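Bear in mind the structure is a predicted one, so any value in this text is a computation, not a measurement. Order of the sequence lines fixes the chain letters, A, B, ..., with proteins taken first and strands second; residue numbering starts at 1 for each chain.
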Amino acid sequence: MNRNSSRRRGTAIAAALLSTTLVLTACGGDSEETADTAAAPQTRSVTGGNGTIQVPADPQRVVTIGNTTLPFIDMGGKPVGVTEVGASELALIPTDQKATFDAATNLGSSGDQVDMEKLAGLKPDLILAQLPASEFEGIKKQLEAVAPTVFWGLDVEWKALADGVSQAGDVTDGLGEQKAKFQEKIAKIQQTYSAIIGGTKFVNVDRWESSDPGTFSVADFGCVEIAQDDLGMNFPKAAAGEDPLGWTSLPYEQIAGLSKYDVITYPVDAAGQPKVSFAPVVATNTWKALPAVNSGRALGVFCPGNNSYGPVLQYLDSLDTALATLPAKQ
Amino acid sequence: MLRRRRFAVRLEWRPVVVCAVLALAIAGMAVLALMTGSYRIGAGQVVSALTGGETGLVHDIVVEWRLPRVTATVVFGAALGVSGAVFQSLLRNPLADPGIIGFSQGSYTGALIVILVVNGTYLQLVGGALLGGMATAVAVYLLAHRRGVQGFRLIVVGIGLSAILRSLNTWLILEADLEVAIAAAAWEAGSLNGVSWNQVLIGGACITMLLLLAGMLSRPMRQLELGDDAAASQGVRVAPARLALIVVGVALTATVTAASGPIAFISLVAPQIARRIARTAGITLAPAAFVGALLCLTADYIAQHIAPTPLPVGIITVILGGGYLGWLLFTEARRRL
Amino acid sequence: MTTLAQRHDGPGTATVPGPRRRLTGLVVALATLLILLVLSVMIGSTAIAPSVVWDALSNPSADIDQFAIRDYRLPRTVVGLVVGAALGVAGALIQALTRNPLADPGIFGVQAGASFAVTVAVGLLGVRGIGGYMWFAFAGALIVTLMVLALGSTRQGQSPVVMVLAGVCVSAVLGGAGSALELTNPDAFDAMRSWNAGSIVGRPLDLVWPILPFLVVALVLALAVSGSLNAMALGDDLAAAQGVRLTRTRVLAIIALTLLAGGATAIAGPIGFVGLMVPHVARWIAGPHQSWIFAYSVLLAPILLLASDILGRVLMRPSEIPVGVVTAFVGAPVLVALVRRKNASAL
């Protein structure tokens, strides 16, 4: 996510704070961790956000922290320990994956609330983690004392994360196939709907449990990034360096403003019904009065996740089906 | 009441005994905390790890994870107890603590701005929290200052500013990503997860110095309790003494907050419990420190073991401390009425 | 009477204002409220022409802008009016009851109870959507206040001081338990962070109507006990000598207070400062007479709430700031100013 402008704004304060805090921590000595990789002869090196790490060639006991859990399971991995995932997210994954998730030991919520001793008790040989860098910093030393740890920040693109997780976790088998399917699907959609993609102004709207009642957002993150970046569809996007549009919650009266777009995409569940948190928007009179909604140009699209190929492929299928329903233009 | 205390002040042996008993209890609790954890290590191994006889993960868990955490709870708890004692004495109000002058909310605002706006590192977060808390405390002090600072006005201005900041914090949280917001909320709850020797040693050094300062200020503090005029007549320079006490009280809480996030209620409850078990008439520092340490240690032990996954210690202190203090005040008020 | 007036009021109001000044003030307040009601329908985060606004109300059609007026601005205006009035009178009640000008309706644990109930509903029972939250919040507020009331009852009846302490204690415990639940349940956390901000947006009127009768009953109760509360302001003994039945008055006042604050919180989430501040302003204008204070609070509180809400709509266009955040920013400086006034130490 782009937070460059705010970062600039904060640089001066940050510098001042940093100098204070550096003084505070200067006295502490870092005790070196003993790397016991010597015991495991078969290692590979993989690169993550925390540098190049020696990981076991064939990791047997993997712990996943934060956003690595669902992608790792999606690629066929079976983690021994995982951090908490919200019930709403879990409801979207296939049942066999849900079973894998449930079989793993729950280590608490991600970040600095991870139950370290329980994690150590699982005797993992590899830890995969994606979480805010500031949180990782706090638990880095402890994690690395337990097992080789590969970390990715939140700014890593999903494809890179999928590649990284599959390499580090040695779950490359399914990945090649998934990637091929992805390319194929992208090509097919681009070819089938080239006229629509080229000449249509799309807008993607969303609403989450955390949204204030009576508000929605023009969402420019999540699955829509794939439609935008990989398919080249024309969705509104935040200017470079600005906060994502989706962070701004808009009151319902601004639903009227959506009439300037040709096609609206909105989130639905696997059964095609509007997502529970989005349903209030669909129920408004303003939504029903939108020209796009009246003429069948509001498309419900299912997005079970955008962190690995499995859910992304499901999304593309759903988008494909939805685009097919568009009334033929001209 | 006050007269009796003045006669008895030199013969007070009860607080000394109470402190000794509390120290024993703290030691016992500390041993228990070192021995238990979800990673099973036998008692023998724990002892040998403490004496340097273990290497690898067992050494790390006992010496690098559990020991700093236990040390932190004791030291931080003591600091919070003393900080609360100073504030309650100063404001002559059993409900006063540094949180009341906006420190906790201010430090949360600082931390949130670092997490959400600057997207900063852990160190910046600590700095932001300190700066936010201190700035709020200074703002409250200045706003409440009108020909001197009067306790009641300080509390009311503190409540007002806290409320603004609480709204601001709610709003900042509302604007944030879920993961980031949860991380921030966990920090706000006050957690000792992953406390390292770095934090403990630096925090401990600061706290030791501040505790010594507080000890030196305890005589003027007691005299201020009798009223500004009475204190002045005994040669206390009222304004500087009060400012010094506020600074020490805030700095103690600030140090703890920087390392662990705000741990609620210990500063509020510890002096009250201490006063009751030591049966002193006023607020005393040493028993408050010991009670604070024991409370913090016990609360953290409960926090680690009560739920399937560990909770932030601050949640336990809120529930236990809030409940206990409420019950205490309430039975007392009930008896009086 | 005079000692009380001096205790509660700022300088220059030691003499009780005459009925004429009170009445003029009331008319001015009513006019201001009417203007704000109109403004609240006219002003929003999108620009809609006044003629469309007029048509939306007088000549309804399926025009998309008209829906914005009828479906969003009108309901939030009504909700602001109702919630504001309830909070204002609740604040006046609790300040009269505790004889503490700094008491807030939240002090008996109303908001903590509502908040905790919603957390449980979301986290453990899987309830979603504002309609579901509303009844849990209302029930939570009522149950917790009853608990506080039971805890705060002494042999001599309900002591406000003990009740406040009981409220503080229950609020703290529930707050801790609530955050434990939130931190271990990301979905609950997510839902609670918007609920906790306090807002009057997106509360469809058909969800609000069922709560309204409770508020009306409570308002009537509040007015009914205002005379007795007036007498009690002079002290329990004096009031008893005048024939006021202390326990009955307190219980009725607490019931009214709970319904008002609980209902308001159920609809809008926790909104601070309105209940604290408005009765003060009412007291400055009207002097220490409960019926007048109630009358003023009924008008002044929606004024504050609607003005804050309108401000929240335009400050960060196209987005909005929840009204609970705005009232704190408007209210807290007033509180600080209040304390810094000359006679403030006597508060």
Subject >> Proximity breakdown for A/S217 and chain C, heavy-atom pairs closer than 4.5 Å >> reply: neither
Original post:
Counting only N and O atoms by type, is there a donor-acceptor contact under 3.5 Å from the side chain of A/E253 to the main-chain atoms of C/T46?
Top reply: yes
Original post:
Is a side-chain donor or acceptor of A/T286 paired with a backbone partner of C/I64 at a separation under 3.5 angstrom?
Top reply: no
Original post:
Which pair of non-hydrogen atoms, one from C/S319 and one from A/T248, has the smallest distance, and what is that distance?
Top reply: CB-CG2, 3.5 Å
Original post:
What part of A/I255 is in contact with chain C, defined as an atom under 4.5 angstrom from a non-hydrogen atom: side chain, backbone, both or neither?
Top reply: side chain
Subject >> Leading residue by heavy atom contact count with chain C [cutoff under 4.5 Å; candidates A/S277, A/A289, A/P251] >> reply: A/P251
Original post:
Roughly how far apart are A/N285 CG and C/R70 CZ, rounded to 0.5 Å?
Top reply: 8.0 Å
Subject >> Heavy-atom pairs under 4.5 Å with chain A, option from C/D71, C/I130, C/D63, C/I48 with the top count >> reply: C/D71
Subject >> Closest contact, heavy atoms only, A/A256 versus C/D65 >> reply: CB-OD1, 4.2 Å
Original post:
Going by atom types only, do C/S45 and A/Q254 share a side-chain donor-acceptor pair under 3.5 Å?
Top reply: yes
**OP:** With a 4.5 angstrom heavy-atom cut-off, could you sort out which part of C/R313 is near chain A: side chain, backbone, both or neither?
**Re:** neither
